[in-house]
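One-based numbering, in listed order, for ligands and for the atoms of each.
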Amino acid sequence: MCGIVGYIGNREAYPILIKGLQRLEYRGYDSAGVAMIDKNGSLNVFKKKGKVAELVAFAKENNTSGNIGVGHTRWATHGEPNDVNSHPHYSQSKNLVMIHNGIIENYAAIKENLIKRGHNFLSQTDTEVLVHLIEEIQLHEKCKLSVAVQTALNQIIGAYAIVVLDKNDPNVLVAAKKGSPMVIGIGEDDFFIASDASPIIEYTKNVVYLEDEQVASLRRGEQLKIRNLKDKEITPFIQELTLELESIEKGGYDHFMLKEIYEQPRSVLDSMRGRLNASTGEIKLGGVEDHRKKFEKAKRIIFVACGTSWHACLVGEYLFEEMGRIPVEVEYASEFRYRNPVIYEDDIVIAISQSGETADTLAAIELAKSKGALVLGICNVVGSTIARATHGGSYTHAGPEIGVASTKAFTAQITVLTLMALELAKVRGTLAESRFRQLLYEVEAIPTKIEEVLKLNDKIKEIAYQYKDSTNALYLGRGVSFPVALEGALKLKEISYIHAEGYPAAEMKHGPIALIDDEMPVFVIATKGANYEKVVSNIQEVKARKGKIIAVVTAGDKDVKKVADYAIEIPETDELLVPLVAVVPWQLLSYHIAVMRGCNVDQPRNLAKSVTVE
Ligand code: F6R
């Protein structure tokens with residue numbers, strides 16, 4: 001949450017900062033701001049409530065020159081989104097400015113002490129408190145900015161990624177992080193800094209991922225210097241980025257979300273690439289392979305995640321229990337971390353996170369580790385905090401997901417979970433060889449089947465038009481399709497602001513059926529399989545109350561088509577793999593409804609892509 005970007009070198013900083021902020025806008029878009037020091041030593045700060053575009057309009061015609069600067073796009077935590085609470089924030093003398101991502105938990109006590117010592121605060125933010133503290137230390141100890149930052153951070157409880165700019169020393173940026181991500185790009189004679197690599201990629205491929213409690217000094221004309229909070233010098237570990245520029249651009253699509261929905265045949269393939277070979281019956285997933293013995297003996301798997309990733313965990317529960325015959329529990333990370341849960345040393349905890357940054361998931365991981373469990377991660381962002389905090393795991397390799405609503409990450413997570421469940425079944429000997437082989441072929445066929453579903457876009461758009469003005473919607477599914485109902489409802493509510501609920505189809509009659517009238521669309525997954533007849537009965541119950549049925553059915557279906565208002569035919573798929581194909585119509589439907597309602601699809605209100613606060 002919150003995006004930060006910084007530049008020091010010989011180029012004009014402002015265009016680099018603005019472009020970087022546009023790339024980071026998925027992290028928060030309540031307000032944006034920049035600060036640059038020009039060649040005369042003036043520190044110019046521009047900040048504005050709203051999107052980066054509003055900042056650009058506001059700063060237009062002003063002096064934005066300078067080849068050192070910082071920029072910030074905010075997702076509000078302390079203090080409402082307004083111009084004053086926007087970053088950068090000034091120190092007391094206005095000589096320092098700072099941008100911050102994270103939360104300073106003990107800011108109130110520090111603020112009270114600073115006020116007693118004569119400090120005046122303009123905003124309600126925790127960030128302003130920290131920059132005041134840094135300056136007080138700098139002046140009192142007569143020390144370098146980097147030392148003042150170290151000293152101040154030793155007094156801080158909380159999470160942060162900060163960059164500080166000093167008007168009196170326009171040749172250095174000082175950055176530090178704990179719990180929030182930060183990447184430093186090393187150019188030929190310049191440095192870039194950002195929350196992720198997307199603002200850096202077009203300038204350099206050489207990056208250093210700052211570790212927790214490290215303070216970096218990016219000084220013009222010098223090598224990058226890093227010390228930790230105990231003042232130990234750290235040798236920077238320079239890595240080469242594998243990210244490609246095209247992968248973070250819209251590539252002709254109107255929205256990132258649509259691009260990412262359409263990328264799924266490719267991203268699902270990428271998530272299984274080199275891991276599965278149906279013709280030889282091989283499956284090889286580092287995450288499981290490295291901990292084979294633990295998997296053989298494990299008594300239980302606990303999944304932890306939030307949001308869409310939690311829905312993927314629910315699919316995982318069906319897959320692991322069905323294929324690996326192992327008990328599974330699925331936990332909201334935010335509940336698990338505060339519940340004193342019973343965790344045994346022979347439990348395996350699997351944390352799923354697209355961003356690899358979600359604060360609650362990270363806390364759940366630390367808790368599970370402290371109880372001695374093996375903790376594995378399924379993350380999309382390579383090198384992310386969660387990927388590094390876990391004992392091992394598997395990346396989803398879906399490529400950058402920029403639309404705030406998760407789409408391709410979900411299908412990639414389920415693909416990896418399927419491979420894990422299959423490998424688990426192999427290790428534990430719980431699947432007959434013929435069924436194992438059959439499933440490998442079925443998994444390999446998924447990308448082609450998703451491609452088929454994408455061809456139904458026009459029809460789905462027509463359905464979207466019919467239901468775009470609904471105020472409520474119900475999503476139903478049974479078995480492994482129940483989590484898809486939850487995911488369908490989440491997609492609709494988060495981007496179109498239509499109230500939607502996901503339910504196991506048979507639960508409908510225990511309450512939600514009361515909502516059904518002739519205005520209510522009910523979106524049902526009614527594909528062929530063990531629960532088919534039961535779902536058909538549930539559909540009849542809706543129709544008897546004049547509800548509208550929009551059903552995802554198996555190609556060639558006759559029964560549901562007779563009663564449904566609309567039927568979306570998807571290719572026949574093994575029952576266990578239906579979520580990978582059946583979620584796609586719900587993604588497209590939400591997308592089109594949101595566009596038709598004039599909503600900001602890629603940046604829905606109040607949301608941010610990485611939830612790095614609890
Ligand atoms: C919904 C969505 C969120 C995330 C959730 C977890 O479309 O994107 O619900 O799934 O915030 O995020 P990650 O997977 O990054 O931990």
Side-chain angles (χ1 to χ4, degrees), residues 1 26-28 75 179-181 195-196 255-258 260-261 264 267 271 303-316 330-337 349-365 375-390 393-414 416-417 475 483-484 486-497 500 502 583-584 586-591 594 599-614:
M1 276 174 163
Y26 73 89
R27 301 179 65 87
W75 188 87
S180 299
S195 299
D196 71 32
H255 297 96
F256 280 111
M257 183 181 178
L258 190 62
E260 287 155 9
I261 292 172
Q264 290 177 109
S267 52
S271 64
F303 284 111
V304 290
C306 304
T308 288
S309 297
W310 185 79
H311 296 157
C313 293
L314 289 177
V315 176
V330 179
E331 301 272 359
Y332 282 116
S334 53
E335 290 297 315
F336 182 77
R337 64 180 289 193
V349 173
I350 302 180
I352 304 190
S353 174
Q354 186 286 128
S355 61
E357 272 188 52
T358 304
D360 285 321
T361 309
L362 190 58
I365 289 168
V375 185
L376 302 180
I378 299 180
C379 293
N380 193 36
V381 177
V382 176
S384 56
T385 312
I386 290 178
R388 284 181 287 133
T390 42
S394 304
Y395 284 115
T396 46
H397 297 306
E401 191 182 65
I402 293 168
V404 164
S406 194
T407 51
K408 66 173 179 173
F410 179 69
T411 43
Q413 287 164 348
I414 297 176
V416 170
L417 284 167
Y475 283 75
V484 183
L486 294 177
E487 178 60 8
L490 177 62
K491 286 290 90 79
L492 188 69
K493 63 189 147 197
E494 69 182 331
I495 60 168
S496 73
Y497 318 138
V583 74
V584 180
W586 291 168
Q587 294 170 342
L588 283 169
L589 187 89
S590 308
Y591 170 79
C599 299
N600 187 336
V601 173
D602 283 336
Q603 294 171 351
R605 70 183 178 208
N606 305 337
L607 295 177
K609 186 76 184 157
S610 328
V611 186
T612 54
V613 295
E614 53 172 297

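With ligand atoms numbered from 1 in the order given, ligand 1 contributes 9 (O), 10 (O) to contacts under 4.0 Å with heavy atoms of Gly307. Ligand-side atoms of ligand 1 in range of Ser353: 13 (P), 14 (O), 15 (O), 16 (O), range being under 4.0 angstrom from any heavy atom. Atoms of ligand 1 found under 4.0 Å from any heavy atom of Lys491 (numbered from 1 in listed order, with element): 1 (C), 7 (O). In the vicinity of Ser309, heavy-atom distances shorter than 4.0 Å reach the ligand 1 atoms 10 (O), 13 (P), 14 (O). In summary, the atoms of ligand 1 found under 4.0 Å from a heavy atom of Ala405, numbered by their order in the structure, are 7 (O).
What sits closest to atom 12 (O) of ligand 1 on the protein, heavy atoms only, is Thr358 OG1, 3.5 Å. Closest to atom 5 (C) of ligand 1 among all protein heavy atoms lies Cys306 O, 3.7 Å. Nearest protein heavy-atom contact of atom 2 (C) of ligand 1 is Thr308 OG1, 3.8 Å. From the protein, the heavy atom lying nearest to atom 15 (O) of ligand 1 is Ser355 OG, 2.6 Å. For atom 11 (O) of ligand 1, the closest non-hydrogen atom on the protein side is Val611 CG2, 3.9 Å.
Contact detail for Gly393 and Leu376: the closest heavy-atom pair is N-CD2, 4.0 Å.
Considering only heavy atoms from C-beta on, Cys306 stays 4.5 Å or farther from Tyr332 through its side chain. Taking the side chain as every heavy atom from C-beta outward, Thr396 and Gln354 never approach each other to under 4.5 Å. Considering only heavy atoms from C-beta on, Cys599 stays 4.5 Å or farther from Ile495 through its side chain.
Applying the side chain to side chain contact (heavy atoms under 4.5 Å, CB included) test to Arg388 and every residue at least two apart in sequence or in another chain returns Lys177, Glu211, Thr385. Qualifying ring pair (Phe, Tyr, Trp, His ring centres under 6.0 Å) partners for Phe303, counting only residues two or more places apart in sequence or in other chains: Phe320.
In this structure, the side chain of Glu401 engages the main chain of Ala409 through a donor-acceptor pair within 3.5 Å. Put simply, the side chain of Lys491 never gets that close to the backbone of Ser496: no donor and acceptor are under 3.5 Å apart. Looking at Asn380, its side chain never comes within 3.5 Å of a backbone N or O of Gly356 through a donor-acceptor pair.
Proximity of Thr361 to ligand 1, defined as any heavy-atom pair under 4.0 Å, is not found for any part of the residue. The side chain of Glu494, and not its backbone, has at least one atom closer than 4.0 Å to an atom of ligand 1 (non-hydrogen atoms only; side chain from C-beta on).
Using a 4.0 Å heavy-atom cutoff, Ile386 is absent from the residues neighbouring ligand 1. Residue-ligand proximity: Glu357 is placed with every non-hydrogen atom at 4.0 Å or more from ligand 1.
Checking Gln264 against Thr411 by side-chain atom types alone, a donor-acceptor pair falls below 3.5 Å.
Considering backbone and side-chain atoms together, Ser406 places an N or O closer than 3.5 Å to an N or O of ligand 1.
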